[in-house]
Number of protein chains: 2
Amino acid sequence: MATIKDIANAAGVSLATVSRVINNGPKVGDATRERVKAIMTEMGYRPNANARALVTKRSASLGVVLAELLDPFFATLAHGIESVTRKHNVQILMSAGSIEKATELKAIETLLEHRVEAMVVHSKALDDEVLIEFARQAPGFVLINRFIPEIGNRCVWLDNVAGGRIMAEHMLKQGHKKLAVISSRYQIDDPVDRITGIRQALQSAGIDLPESHIEYSTPDQEGGEKCIQNLLAKGVDFTGVLAYNDAMASGAMTMLLDHHIDIPSQVSVIGYDDVLLAKYSRPKLTTLRYPVEMMAAKAAELALSYASGKKPEADITFKYTPTIVKRESVLRL
Amino acid sequence: MATIKDIANAAGVSLATVSRVINNGPKVGDATRERVKAIMTEMGYRPNANARALVTKRSASLGVVLAELLDPFFATLAHGIESVTRKHNVQILMSAGSIEKATELKAIETLLEHRVEAMVVHSKALDDEVLIEFARQAPGFVLINRFIPEIGNRCVWLDNVAGGRIMAEHMLKQGHKKLAVISSRYQIDDPVDRITGIRQALQSAGIDLPESHIEYSTPDQEGGEKCIQNLLAKGVDFTGVLAYNDAMASGAMTMLLDHHIDIPSQVSVIGYDDVLLAKYSRPKLTTLRYPVEMMAAKAAELALSYASGKKPEADITFKYTPTIVKRESVLRL
DNA sequence: TTGTAAGCGTTATCAT
DNA sequence: ATGATAACGCTTACAA
């Protein structure tokens, strides 16, 4: 592959001049500029981003750490980030992490070795201290979907306690008193927070939520199916199901229908996330809108701006609250 | 950030020695090795991937060009690639392209500037010649979901003509004679090929497919809805719908049900791709399985192996054929 | 086993 | 307006 040197030789000018042409620098004669440009295209010259990054210490790249591309939630996340990197002419370096300490750590470190300018990290497994330390090292470090008070100004996150409260309140308002919850079995904050919110709402209404009415499984459609099976097997009596996410809600609906339990006339179901699935399931799923895409875009902008020297304000954080999207899966009793 | 020089100074050894312990090179005394390692972790040293790539001319990274992360098809694609890069300890550089010449070109060029070792490219808009030229320049260049005879050994693709034939034959075998097709409005090979296959099957059965029975729209759920609306508005009489993909099939089912047309008792629907959507729609969608994930993994392996010097065999290509997945959306008449 | 030094492709600082 | 030249952080012969 042709280097800047080859171009310089071919054009009979110095390296410096070619470099100036490449970077649209000033102080270059029009004639030379044209001649050099011509030779560059002729020889198929492509500047070496690595060499450039080495000397300028800037890489025009943003690192992304997420758990699993297949999950529509993360796909949406990635899409939100991509929309801003495209605008800024920045390259995405992607590292998948899978919600385990070791892999999340590895993902972040690889990105750091590549000297990405900014990074948007979705980490659930790593401890606060580790993340705080990374933030100290990398100016453009931003967390999405997680809140750590010490670095709140680098956190773009959703208030899951409020989310849990909102979904429960909606069910209560529709007259549902016999509720079941199907949640994620993973030991991360999100399911805990959402259930906390649910309990808050129920408590205010003087309603109890026994542990037996909560089922845990993998946060996907299959998990939703299993939870319903277990609930049914245990003979739990419920008219409303609060799901951890839309995938579980969808699985739950499938299983309920398989048992000839109609939705929403016999059982109401509410989801969380509002991914595409929700809109196109049958019946259409009432759910909480998690503005991932907007949040991801925000996180990317933030990371880029911090990376380029903007100082994070103290005492600020980027908290979002989910809103309810009423569709067809919840019936007013 | 600490450099190799800093480590060398702190450890009282030369650059070369530090480099050797970084790369687990031989010929380093155990004592020195331990000492240097200790100092590296203590100082939080991280080798600079750019500098390394510059001198070794290898970057341990694989570039991916795709159109749209939001689309579950591409998410699956990305996931398949990710599974092999993870295994090979290779980083993913992602560039979104959006099926336009200019953006696809830009995406590939950026990746090339970053000197990725290998690349898996999903390009629909660029001309054959351009792609062939890229393949000539970059040893690890592999195309997915596209076939170009001249570089067939760098193509991992699906036989869409066969796919069209298979879906039509299935409908015919189930006794459907009045068929409608809803297809993608984009001017790329895939929809054309699939319709070609469909026509082949119908022709063999002596059945005609008038242009009026084909509707084109965007290849998503909304597009599927619109196509059905148009078909219904035109008063086309059909008992079977062949959809361009599962998303359109899903939209079609939604719209049919909205018109109180039951599936499959009144109209049968068949999709294409077999994304998650198909399994969880109601009724469950009969569709063609497009083994994207497997193909993407294959493409990534191929790209990596070509990149590391393996010579592509002549007269070989990586063609896959979709298989039918029978679920509930097609009724035997 | 360890060190010296050249060079990878650029940019940037001085000169000219 | 153009050219030398010293970095940037690292690997890798070649010496010692």
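Heavy-atom basis, side chains included; hydrogens, waters and symmetry copies ignored.
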**Q.** Interatomic distance where CD belongs to A:Glu34 and P belongs to D:dT2 [whole Å]
**A.** 12 Å
Q: Answer yes or no: is there an ion pair linking B:Arg146 with B:Asp128, defined by an N-O contact shorter than 4.0 Å?
A: yes
Q. Are B:Lys101 and B:Asp127 within salt-bridge range, i.e. N to O under 4.0 Å?
A. yes
Q: State plainly whether the residues A:Arg136 and A:Glu133 are in salt-bridge range, i.e. N to O under 4.0 Å.
A: yes
Q: For the helix from C:dT1-D:dA16 to C:dT16-D:dA1, figure out the bend between the end axes, five pairs an end, and round to 10 degrees.
A: 40°
Q) For B:Asn50 and D:dA7, what is the distance between atoms CG and C1' respectively, to the nearest whole Å? A) 16 Å
(Q) Does the protein touch nucleotides 2-12 of chain C at the base, only the backbone, or not at all? Give it as B, S and - per nucleotide, heavy atoms under 4.0 Å. (A) BBB--BBBBBB
Q) Salt bridge between A:Lys87 and A:Glu82, side-chain N to carboxylate O under 4.0 Å? A) no
Q) Relative to the ring of A:His122, is the ring of A:Phe74 parallel (under 30°), tilted (30 to 60°) or perpendicular (over 60°)? A) perpendicular
Q | Test log, rule side chain to side chain contact (heavy atoms under 4.5 Å, CB included), inputs A:Leu131 and A:Ile108 | A | CA-CA 10 Å; A:Leu131 265 6; A:Ile108 297 179; 4.2 Å; yes
Q. Would you say the ring centroid of A:Tyr320 lies under 6.0 angstrom from that of A:Tyr290?
A. no
Q: Quick one: list whatever passes salt bridge (Lys or Arg N to Asp or Glu O under 4.0 Å) with A:Glu117, sequence neighbours left out.
A: A:Arg58
